[in-house]
Amino acid sequence: MNKMTEFNNEISMTSREIAEQTGKEHRNVRRDVKRMLLELYGKEDMLNYEHIFKDSYGREQKCYRLPKREVLVLVSGYSIPLRAKIVDRLEELEQRKSKTLLPDFSNPAEAARAWAIEYEEKQAALLQIVEDKPKVDYYKNVLDTGDTYTVTQIAKENEMTAIQLNIILKNEKIQFKQSGQWLLYQKYQDMGLVKTRTHIIERSNGDKQNRHSTTWTEKGREFIHDLLETI
């Protein structure tokens, strides 16, 4: 049976939440989790702890979800204050689970509060959709090249800026800058890490100009994640 199914109904935390609680960068927590799971269960069983979440563009991204035992094993190597934060968070989750999820509708005041909260959450969700629409439209019309990622997206996943990530890739001799554009060395181009797209930009005077944009494939994205976990 898939381990994710086994502890799906138990208290658990994702690597993203652990990073948030401890103040650590998610890429560093993900690296720690990966090492721990490899030592505990090996590469094959480690995959059972992978968890999928959606980024701001609706794309599926990977992190890890750990049950309580594995969370405590992970943070055993952290400082005492950080371990305390995680323990407090686990206790909070357990208390939430033990409480009744449904309000007491026989109590008019409690029922009214429940409906008000539900209404506010729906309105907030609708507002977020409206605010995100220009970004999503831009992504679909300009950036989307079919399962590829911009350097900004990958940098954001690793809690850094595109400038920082580009510098790392430059220092690691993976890419270089030419005529204002970042280009991969031939060795990495041959690996299928990026795709180049040409689109036409029309200026205000009616002139048209070809512009080239390079995005990273899924293979390239995983390549960057693995690279950042080793440096």
First locate atom [atom1] of [X], then atom [atom2] of [Y], and finally report the distance between them rounded to the nearest 0.5 Å.
{"X": "N48", "Y": "R65", "atom1": "CG", "atom2": "CZ", "value": "14.5 Å"}
{"X": "L93", "Y": "E10", "atom1": "CG", "atom2": "CD", "value": "13.0 Å"}
{"X": "M191", "Y": "I174", "atom1": "CE", "atom2": "CD1", "value": "8.5 Å"}
{"X": "N158", "Y": "L228", "atom1": "CG", "atom2": "CG", "value": "4.5 Å"}
{"X": "E25", "Y": "N28", "atom1": "CD", "atom2": "CG", "value": "5.0 Å"}

Does the side chain of [X] reach to within under 4.5 Å of the side chain of [Y], using non-hydrogen atoms?
{"X": "Y78", "Y": "K24", "value": "yes"}
{"X": "M13", "Y": "R89", "value": "yes"}
{"X": "L165", "Y": "I154", "value": "yes"}
{"X": "V151", "Y": "W182", "value": "no"}
{"X": "L184", "Y": "L169", "value": "no"}
{"X": "K195", "Y": "T214", "value": "no"}

How about [X]: does its [atom1] atom have over 12 heavy atoms from other parts shown lying under 6.0 Å from it?
{"X": "I80", "atom1": "CD1", "value": "no"}
{"X": "R16", "atom1": "CZ", "value": "no"}
{"X": "L38", "atom1": "CG", "value": "yes"}
{"X": "Q186", "atom1": "CD", "value": "yes"}

ask   = Can you tell me if E17 and T14 form a side-chain donor-acceptor pair at under 3.5 Å?
value =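 No, because no side-chain N or O of E17 sits under 3.5 Å from a partner of the opposite role on T14.
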request  = Quick one: do V71 and I86 satisfy side-chain contact (heavy atoms from CB on, under 4.5 Å)? Show the steps, please.
outcome  = CA-CA 8 Å; V71 171; I86 295 300; 3.4 Å; yes
request  = Kindly work out whether a path of hydrophobic side-chain contacts (I/L/V/M/F/W/Y, heavy atoms less than 4.5 Å apart) joins W216 to I167.
outcome  = no
task = Look at the side-chain heavy atoms of Ile, Leu, Val, Met, Phe, Trp and Tyr, link any pair under 4.5 Å apart, and say whether I224 and I163 land in one connected group.
result = no
Of V33, L37, L40, the residue whose pairing with Y49 passes side chain to side chain contact (heavy atoms under 4.5 Å, CB included) =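 Answer to the side chain to side chain contact (heavy atoms under 4.5 Å, CB included) test with Y49 among V33, L37, L40: L37.
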inquiry  = For Q175, run the side chain to side chain contact (heavy atoms under 4.5 Å, CB included) check against N166, I168, L183 and tell me which one passes.
reply    =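 Only one option passes, and that is N166.
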Exercise: identify the closest heavy-atom pair between [X] and [Y]:
{"X": "S15", "Y": "C63", "value": "OG-CB, 3.2 Å"}
{"X": "Q178", "Y": "F176", "value": "OE1-CE1, 3.7 Å"}
{"X": "T217", "Y": "T148", "value": "CA-CG2, 4.3 Å"}
{"X": "K68", "Y": "L90", "value": "CG-CD1, 4.0 Å"}
{"X": "K62", "Y": "R30", "value": "O-NH1, 4.3 Å"}
{"X": "P67", "Y": "E70", "value": "CG-OE1, 2.8 Å"}

query = Counting only N and O atoms by type, is there a donor-acceptor contact under 3.5 Å from the side chain of E39 to the main-chain atoms of M36?
reply =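 Pair absent, no side-chain N/O of E39 close to backbone of M36.
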task = Classify the angle between the aromatic ring planes of H26 and F53 as parallel (below 30°), tilted (30 to 60°) or perpendicular (above 60°).
result = perpendicular
Lys/Arg N to Asp/Glu carboxylate O, D226 vs K34, below 4.0 Å = yes
inquiry  = For Q61, run the side-chain hydrogen bond (donor to acceptor under 3.5 Å, both in side chains) check against E157, H225, K156 and tell me which one passes.
reply    =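 Result: among E157, H225, K156, E157 is the only option passing the side-chain hydrogen bond (donor to acceptor under 3.5 Å, both in side chains) with Q61.
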